[in-house]
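Note that these values count all heavy atoms, side chains included, but never hydrogens, waters or copies made by symmetry. Protein chains get the first letters and strands the later ones, always in sequence-line order, with residue 1 at the start of each.
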Amino acid sequence: MTETIITRFAPSPTGYLHIGGARTALFNWLYAKAMGGKMLLRIEDTDQARSTEGAILAILDGLRWLDLDWDGEPVYQLSRAERHREVVETLIAEGKAYRCYATREELQAMRDTARAEGRAPGYDGAWRDRDHSDAPEGAQPAIRFKAPREGETVIEDRVQGTVTFANKDLDDLILLRSDGSPTYMLSVVVDDHDMGITHVIRGDDHLTNAARQAQIFKALGWETPIYAHVPLIHGPDGAKLSKRHGALGVEAYREMGYLPSALRNYLVRLGWSHGDDEIISSEDMISWFDLDAIGRSAARFDFAKLENLNGHYLRTMPDAEIVGHLKTLIPHLPDGEVLMERIGEEGWKNFERAMPGLKERAKTLVELLDSAAYLFAMRPLELDDKAKKQLDDVGVETLAGLLPKLKNVETWTPEILEYCVREFAETTDRKLGKVAQPLRAALTGRATSPGIFDVLEVLGREEALGRIADQIRPAQPD
RNA sequence: GCUCCCUUCGUCUAAUGGUUAGGACGCCAGGUUUUCAACCUGGAAACAGGGGUUCAAUUCCCCUAGGGAGUACCA
């Protein structure tokens, strides 16, 4: 039992890396890591009409962003077509596959009658034993697998348990299309075998395929891998995940300001658990992960929980690391270039200094960026409605009283500033909030912000005093 | 239609043949507080329904209902 575990993630490049695919990749990665094995990557591009270069790039990019690395070079299924055809030749030679000349119309008619008779729809095996000489003139045949018609095919699934299919319900699937190109069903079997895959962890939409694939494995005399079919992820309404509610590419999550670590934590808890643990480090995920702990029911995607997790990871992340994430995120945002320029070298230093107060309050990087707007705002500040309310006559009057006191502060630190403002509030018989709020409005243009003394400090003496003065002047024209 | 899978608070889930069915998110109330968060305390909230098996079923079995997947010369 010293066999090395080899898993694989095998997306078809017909779109971005969606959230379900990301979780499948994560599970494969985790299991390989947990068992000291390898995870291989295979691009299933046998559908040439729908596969695109852009999709391949998006998938690789998504995996890298999530920090899910794979072993070796990605295998492109299409490049292995010759090998796939070879395998079919041997199958034909052994009488385990045959040429089929049925037309599209005939196939449709078969399905219709089967359905009408309450049977499993599928190919009726018309060409199974029919002679070539019956073939229509010049027609190119597809090659079909001669599937067993009796008995049953049993899948011992690590997640779903023992699943039994009656062979009579499984028809003769196509191995090679009439243009000679291999189909998915064939390619998967040959590649999983050739790549030495020991564990196939994938969405349970493939469960019935597992039975057909097992039949092909058997016909070829190859050992079937161990299967683990993971339930799919549903949208908040319980229906299939659609673009509208979460079947977005992982890059969309990046653009919404989620952290890879948070998304991984969220995803691993969707369908898998380890007791009551919620916040799970990568190390713990790897040492705890096991196929047997994967649940059998579909899970719904819940943005609120993802946000909560993201907030947690944000709060506990070192400031410099957050800056790093922001720098890679911003170029992906609309107007990212402009924003990058506006922050500038100097701005990032301020940003990092302000980070302790900012990260505490944000749930996503996008939120954090928004709440940091005051750092890069130009005087005179634009005020939002709530800030304007704070700067009514009373507010402005308060600031007018406070400004000279602040000007007297020589050592511009939060402690001393706090002392100064508190003293002002006490001596003028104001509650601290009555002073802090107008001050906040003047400094940030908003009614909410990080602690006001930290804001004063990060802004610096000159800028802070200037912003306060800006608000006093219009109220006192003389 | 046919085949297969699933079903514990709104959501993600834990546990168990005998428990006040636990935790987390969200929600509500209170506390803390210069705002907003964070944080702390408390609260409401679940075993889909019906039959069995059993001294005892949320737990084991069957049925029903509901949900999902597959049913292509897509993957």
Side-chain angles (χ1 to χ4, degrees), chain A residues 10-14 44-47 49-51 77 100 102 104 107-108 111 114-123 140-144 155 157 159-161 163-166 168-171 173-179 181 183-185 187-188 203-209 211 229 231-232 234 236 238-240 266 269-279 295-309 311-312 315 357-363 367 371 386 390 418 421-422 425 431-437 439-441 444 446-453:
Chain A
S12 56
T14 53
E44 311 221 309
D45 50 358
T46 50
D47 183 355
R50 295 198 306 154
S51 299
Q77 199 154 55
C100 167
R104 248 164 225 288
L107 293 174
Q108 189 55 48
R111 279 193 285 272
R115 201 183 175 114
E117 290 168 15
R119 288 184 290 111
Y123 183 66
Q140 286 301 315
I143 309 299
R144 284 186 187 268
I155 300 295
D157 194 277
V159 173
Q160 305 290 340
V163 185
T164 306
F165 295 90
K168 67 174 169 55
D169 294 325
L170 271 15
D171 67 350
L173 62 271
I174 289 182
L175 263 14
L176 243 39
R177 300 187 185 92
S178 48
D179 66 1
S181 63
T183 59
Y184 160 83
M185 211 63 80
S187 306
V188 175
D204 76 3
D205 48 339
H206 284 291
L207 190 55
T208 34
N209 290 340
H229 288 91
L232 302 178
H234 289 172
K240 192 179 172 179
Y266 177 72
R269 280 286 292 109
L270 213 52
W272 174 84
S273 62
H274 181 264
D276 283 340
D277 294 300
E278 297 286 347
I279 306 287
R296 265 164 301 182
S297 57
R300 299 185 188 200
F301 195 88
D302 181 11
F303 270 104
K305 189 146 185 173
L306 208 211
E307 266 199 0
N308 171 273
L309 235 25
H312 170 87
R315 262 175 267 132
L358 292 169
K359 70 181 182 187
E360 194 76 22
R361 293 166 171 75
K363 289 210 166 64
E367 253 180 61
S371 66
K386 285 178 183 165
Q390 293 297 332
E418 175 163 5
V421 173
R422 281 191 188 275
K431 291 185 85 172
L432 185 55
K434 292 291 177 194
V435 182
Q437 279 306 87
L439 186 54
R440 185 184 320 277
T444 68
R446 300 188 186 182
T448 66
S449 82
I452 198 63
F453 308 113

Starting at [atom1] of [X] and ending at [atom2] of [N], how long is that distance when rounded to a whole Å?
X        : N     : atom1 : atom2 : value
A/Tyr123 : B/U71 : OH    : P     : 19 Å
A/Arg296 : B/U7  : CZ    : P     : 7 Å
A/Gln160 : B/U3  : CD    : C1'   : 14 Å
A/Leu309 : B/U11 : CG    : P     : 19 Å
A/Leu270 : B/U13 : CG    : C1'   : 10 Å
A/Leu207 : B/C4  : CG    : P     : 11 Å
A/Asp205 : B/U3  : CG    : C1'   : 15 Å
A/Asp204 : B/G68 : CG    : P     : 13 Å

At 4.0 Å (heavy atoms only), tell me whether [X] reaches a base, stays on the sugar-phosphate, or touches nothing.
X        : answer
A/Tyr266 : nothing
A/Glu360 : base
A/Thr164 : sugar-phosphate
A/Pro450 : base
A/Asn209 : base
A/Gly161 : nothing
A/Thr448 : base
A/His229 : nothing

Side chains of [X] and [Y] in contact at under 4.5 Å (non-hydrogen atoms):
X        : Y        : result
A/Leu173 : A/Thr183 : no
A/Tyr123 : A/Leu107 : yes
A/Pro450 : A/Arg361 : yes
A/Leu432 : A/Arg422 : yes

Nearest-nucleotide pick for [X], side chain only, options being [options]:
X        : options             : result
A/Arg361 : B/U13, B/C36, B/C73 : B/C36
A/Asp302 : B/C6, B/G70, B/C25  : B/C25
A/Asp47  : B/C6, B/A75, B/A24  : B/A75
A/Arg422 : B/C36, B/U34, B/C73 : B/U34
A/Ser297 : B/A75, B/C6, B/C12  : B/C6
A/His234 : B/U34, B/U3, B/G68  : B/G68
A/Arg111 : B/C12, B/G70, B/C73 : B/C73
A/Asp276 : B/G23, B/A75, B/C36 : B/G23
A/Lys305 : B/A24, B/A75, B/A69 : B/A24
A/Arg300 : B/A24, B/U11, B/U35 : B/U11

Between [N] and [M], how many Å separate the two [atom1] atoms, rounded to a whole number?
N     : M     : atom1 : value
B/A45 : B/A65 : C1'   : 24 Å
B/A57 : B/A21 : P     : 15 Å
B/A48 : B/G66 : P     : 16 Å
B/A37 : B/U32 : C1'   : 13 Å
B/U11 : B/G67 : C1'   : 16 Å
B/G26 : B/C9  : C1'   : 12 Å
B/C40 : B/U58 : P     : 35 Å

Does any nucleotide pair with [N] by Watson-Crick or G-U wobble geometry, both distances under 3.5 Å, and what is it?
N     : result
B/A14 : none
B/C27 : B/G43
B/U33 : none
B/U8  : none
B/A69 : B/U3
B/U58 : none
B/U19 : none

Subject >> Heavy-atom donor-acceptor pair, A/Asn308 side-chain to B/A24 base, under 3.5 Å >> reply: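 No such pair is found, so the answer is no.
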
Subject >> Side-chain-base donor-acceptor pair under 3.5 Å for A/Glu278 and B/G23 >> reply: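 Yes, the side chain and the base share a sub-3.5 Å donor-acceptor pair.
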
Are any of [X]'s side-chain N or O atoms less than 4.0 Å away from OP1 or OP2 of [N]?
X        : N     : answer
A/Arg315 : B/C39 : yes
A/Thr183 : B/C73 : no
A/Ser178 : B/C73 : no

Original post:
Do the ring planes of A/Phe303 and A/Phe301 sit parallel (below 30°), tilted (30 to 60°) or perpendicular (above 60°)?
Top reply: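 Plane angle over 60°, so perpendicular.
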
Which atom pair, heavy atoms only, marks the closest approach of [X] to [Y]?
X        : Y        : value
A/Arg440 : A/Ser449 : NH1-OG, 2.7 Å
A/Gln160 : A/Arg296 : OE1-CG, 3.9 Å
A/Gln437 : A/Gln390 : CB-OE1, 3.1 Å

Subject >> Donor-acceptor under 3.5 Å (A/Thr444 side chain, A/Arg446 main chain) >> reply: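 Yes, the answer is positive, given that a donor and an acceptor are paired below the 3.5 Å cut-off.
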
Subject >> Comparing A/Ser449 and A/Ala102 on RNA chain B - which has the more 5′ nearest nucleotide >> reply: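 Looking at RNA chain B, the more 5' nearest nucleotide goes with A/Ser449.
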
**OP:** Using the closest heavy atom to pick a nucleotide of RNA chain B for each, name whichever of A/Thr46 or A/Ile452 lands nearer the 5' end.
**Re:**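 It is A/Ile452 whose nearest nucleotide is closer to the 5' end.
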
